[in-house]
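Heavy atoms only: backbone and side chains are in, while hydrogens, waters and symmetry mates are out.
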Amino acid sequence: MDNQDIAFILNEIGEMLEIQGEHPFRSRAYHRAAYAIQGLAEDINDIYKENNLEKIPGVGKGIAERIVELLKTGKLAYYEELQEHVPPGLLQLIGIQSVGPKKAKLFYDKLGIADVEELLKAADEHRLKDLPGMGPKAEENVRAGVLEFQHLRERILLSEAYPLAENIIRQLDEFDFILRVSAAGSLRRMKETIGDIDILAASNEFSKTMDVFCNLSEVSRVLAKGETKSSVITQIGLKVDVRVVSPEQFGAALQYFTGSKEHNIHLREIAKKKGLKVNEYGVFEVKTEKRMGGAAEEEVYNLLGMQWVYPVLRENKGEIEAATLNNLPNIVNLSDIKGDLHVHSNWSDGLNRIKDVARAAKERGYEYVAISDHAEKLKIAGGLTVDDYRRQWEEIEVANKEIGGVTILRGTEVNIDNEGNVDFEDDFLREFDVVTASIHGGFSQNKEQLTRRILRAIYNKHVNVIGHPTGRILGKRPPYLLDLKAIFKAAAETGTFLELNSFPDRLDLKDDYLKEAKDVGVKFVINTDAHSIGQLRYIFYGLATAQRGWLEAGDVINTYSLEEMMKMLGKE
DNA sequence: GCCGTTTTCGGCCCGACTGTTTTCAGTCG
């Protein structure tokens with residue numbers, strides 16, 4: 001059982017407790033614990049062995065006992081007992097729009113409905129509308145919700161949602177009665193995947209704003225339309241929520257609507273202790289109901305005695321405490337990036353010539369770019385032999401003379417084989433400016449084997465960087481089973497850099513892991529792994545992930561000048 | 001079920017929208 005397994009079960013327990021009508025705070029406790037465990041880089045088995053389970057935020061005596069039982073036996077009697085009362089199919093139902101724990105229980109108790117298909121059948125046969133609290137409209141909403149559930153897309157990549165949101169914002173911005181408009185929610189926090197798009201507008205003409213929004217060409221169905229809040233489904237099956245407030249409320253509303261939920265709950269708890277109340281309209285003194293501010297987000301945070309918090313940090317993972325101490329990280333910015341150390345050319349499986357890559361890098365304002373084509377053992381990607389590299393270096397030399405203003409570096413992406421060996425002998429590896437080593441196969445090995453492979457690469461003194469360290473592909477492939485704590489420790493000890501791969505479906509290392517690795521002294525490189533010059537822009541998503549991982553420019557090697565960076569790579 | 005500068009009990013964020021009710025429960029974020 002790994003962290004994800006435990007988090008999954010705790011989440012399901014939370015949901016089952018909701019359906020059972022348990023006290024909401026009990027179920028919230030399980031969800032909070034699951035959330036914390038999901039983000040841990042350290043293996044929960046190790047945490048257990050070190051007797052530190054109760055140090056995980058949100059894990060107390062009770063939940064720690066549940067976790068211990070799961071880790072020891074692979075089973076949990078309490079979980080199985082709950083499943084007898086709440087069949088697994090029932091948990092799907094609360095994923096349907098307009099169906100929550102109460103209605104799911106109602107449908108199950110009164111009609112024996114225990115999965116989505118049965119619910120659709122019951123709606124079609126109009127057996128729902130006569131249930132208490134239901135009616136014809138509610139029944140139709142459930143039916144539409146089921147159909148959407150079956151077609152609705154899962155969470156989509158930030159890189160897909162971001163342009164769509166920009167497009168909607170641009171259109172709304174053109175109306176002169178819409179004074180301000182901004183993305184909010186997980187999109188503004190730049191989460192790697194997005195469940196729905198949240199947009200906030202400031203206007204003095206609420207209903208006109210709502211009309212304009214609900215009539216955008218991207219909209220396929222209006223789920224709800226109110227005076228200040230509407231929800232629609234777009235043509236591509238993504239939900240978009242829009243909220244409109246008056247201009248003087250914009251800051252408080254942006255704060256509230258950006259979330260995360262966990263961040264906001266914590267913030268409002270602090271407000272309460274100070275005798276204040278925070279909502280989407282402003283900050284208020286509870287006693288006098290006097291409004292203290294809220295036109296700008298900064299006011300909200302300052303009134304609570306803390307620094308304004310970057311949206312990318314608002315996950316309730318220590319940022320509120322840091323902001324209170326005036327101690328937020330000075331997170332790395334796009335303008336700090338001075339080069340890319342992992343770009344492919346047409347020598348292996350890339351699209352563009354070295355010269356074109358260099359010119360594109362120069363246009364981005366980079367000082368340097370490393371051509372890091374695959375090495376020979378990765379035959380499927382057109383891996384290069386020793387002789388190929390020597391000829392490539394000649395081309396690099398010519399291009400360096402011809403272009404100027406940007407330095408093209410000799411890179412390589414060597415493969416870490418099933419035993420942890422990399423392509424090429426030490427004498428040849430030494431001739432590269434930067435050596436990145438990555439795993440491209442043998443994913444099904446066990447945790448010890450996979451960890452040993454990466455550790456061997458880390459201890460190879462000619463390997464500078466471990467590429468896409470966990471190998472995950474969002475929505476397609478889970479990360480390799482790894483002892484990340486051991487890998488972070490070894491990387492910090494040897495001065496081996498860990499890559500943050502900016503490909504939108506990789507973003508590997510992910511945000512939570514970056515933060516933990518940073519805390520033990522690991523340094524990073526933010527690369528694109530671009531296979532065409534158009535993909536160099538993916539640095540934008542890698543950078544956002546770095547920010548979410550609390551990285552500062554000093555933690556990232558490709559924010560340094562060429563000279564400084566080469567020194568850090570051990571090349572003079 | 002968790003947690004602590006109101007600390008071992010008594011709290012636990014706050015409000016909009018919908019559809020059912022006729023003052024409110026459920027859902028959502």
Side-chain angles (χ1 to χ4, degrees), chain A residues 10 13-14 17-19 21-36 53-67 78 93-107 128-142 144-145 184-187 189 195-200 206 210 222-231 239-245 249 252-253 255-284 286 300 304-305 316 320 324:
Chain A
L10 293 179
I13 290 174
L17 290 173
E18 281 178 51
I19 292 174
E22 269 285 350
H23 204 284
F25 295 110
R26 270 188 79 202
S27 109
R28 183 181 138 187
Y30 278 94
H31 286 300
R32 280 185 59 197
Y35 174 73
L53 283 177
E54 289 185 47
K55 287 191 183 150
I56 300 169
V59 176
K61 196 159 170 283
I63 292 182
E65 276 174 19
R66 312 269 193 230
I67 294 172
Y78 178 63
L93 298 192
I94 59 179
I96 294 167
Q97 188 74 227
S98 89
V99 179
K102 295 292 193 305
K103 281 189 188 160
K105 182 167 165 46
L106 178 75
F107 299 152
L128 301 179
K129 65 176 168 48
D130 298 325
L131 293 171
M134 293 289 293
K137 281 189 181 173
E139 180 179 73
E140 180 49 32
N141 281 342
V142 170
S186 55
L187 191 106
R189 302 199 313 278
D196 51 37
I197 294 177
D198 299 304
I199 290 174
L200 179 70
F206 288 11
M210 284 299 150
V222 177
L223 289 177
K225 186 180 174 192
E227 178 74 1
T228 66
K229 192 177 161 185
S230 296
S231 292
K239 189 153 87 78
V240 182
D241 294 329
V242 94
R243 183 95 186 236
V244 58
V245 295
Q249 297 166 336
Q255 194 290 315
Y256 151 74
F257 217 19
T258 296
S260 66
K261 188 177 174 184
E262 291 77 11
H263 175 89
N264 284 356
I265 288 174
H266 193 172
L267 209 65
R268 289 168 181 199
E269 282 166 358
I270 288 174
K272 207 168 187 175
K273 283 177 191 153
K274 290 180 181 290
L276 299 170
K277 183 176 75 168
V278 178
N279 60 27
E280 56 263 59
Y281 304 114
V283 181
F284 300 86
V286 174
V300 177
L304 298 178
N316 195 27
I320 289 176
T324 305

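Listed by chain and number, the residues in a side-chain contact (heavy atoms from CB on, under 4.5 Å) with A:Y78 are A:I13, A:L17, A:R26, A:Y30, A:R66, A:L76, A:L82 (sequence neighbours excluded). Qualifying side-chain contact (heavy atoms from CB on, under 4.5 Å) partners for A:K229, counting only residues two or more places apart in sequence or in other chains: A:R243. With sequence neighbours left out, A:A34 forms a side-chain contact (heavy atoms from CB on, under 4.5 Å) with A:A7, A:L10, A:N11. In this view, A:K129 and A:H126, A:E139 satisfy the side-chain contact (heavy atoms from CB on, under 4.5 Å) rule, not counting sequence neighbours. For the side-chain hydrogen bond (donor to acceptor under 3.5 Å, both in side chains) test, no residue two or more places apart in sequence or in another chain qualifies with A:S186. In this structure, the side-chain hydrogen bond (donor to acceptor under 3.5 Å, both in side chains) partners of A:N264, at least two apart in sequence or on a different chain, are A:Q255. Residues passing the side-chain hydrogen bond (donor to acceptor under 3.5 Å, both in side chains) test with A:K55 are A:N52, sequence neighbours excluded.
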Measure all distances between protein nitrogen or oxygen atoms and nitrogen or oxygen atoms of nucleotides 27-29 of chain B, and list the pairs falling under 3.5 Å.
| unit_1 | atom_1 | unit_2 | atom_2 | d |
| --- | --- | --- | --- | --- |
| B:dT27 | OP1 | A:G100 | N | 2.8 |
| B:dT27 | OP1 | A:G100 | O | 3.2 |
| B:dT27 | OP1 | A:K103 | N | 2.8 |
| B:dT27 | OP2 | A:K102 | N | 3.1 |
| B:dC28 | OP1 | A:I96 | O | 3.3 |
| B:dC28 | OP1 | A:S98 | N | 2.9 |
| B:dG29 | OP1 | A:D196 | OD2 | 3.4 |
| B:dG29 | OP1 | A:K239 | NZ | 2.8 |
| B:dG29 | N2 | A:Y256 | OH | 3.3 |

List every contact pair, protein side and nucleotides 5-12 of chain B side both N or O, where the distance is under 3.5 Å.
| unit_1 | atom_1 | unit_2 | atom_2 | d |
| --- | --- | --- | --- | --- |
| B:dC12 | OP1 | A:K272 | NZ | 2.1 |

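The side chain of A:N264 contributes no N or O atom lying less than 4.0 Å from OP1 or OP2 of B:dC13.
Considering only side-chain atoms of A:N141, the nucleotide from B:dT18, B:dC2, B:dG15 that sits closest is B:dT18. Here the nucleotide nearest the side chain of A:R243, chosen from B:dG1, B:dT18, B:dA16, is B:dA16.
If you take CG of A:L10 and C1' of B:dC2, they are 14 Å apart, rounded to a whole angstrom. Between A:I63 atom CD1 and B:dC3 atom P the separation is 9 Å, expressed in whole Å.
A:Q249 places none of its side-chain heavy atoms less than 4.5 Å from the side chain of A:Y256.
For the C1' atoms, the distance from B:dT21 to B:dG26 is 12 Å, rounded to whole Å.
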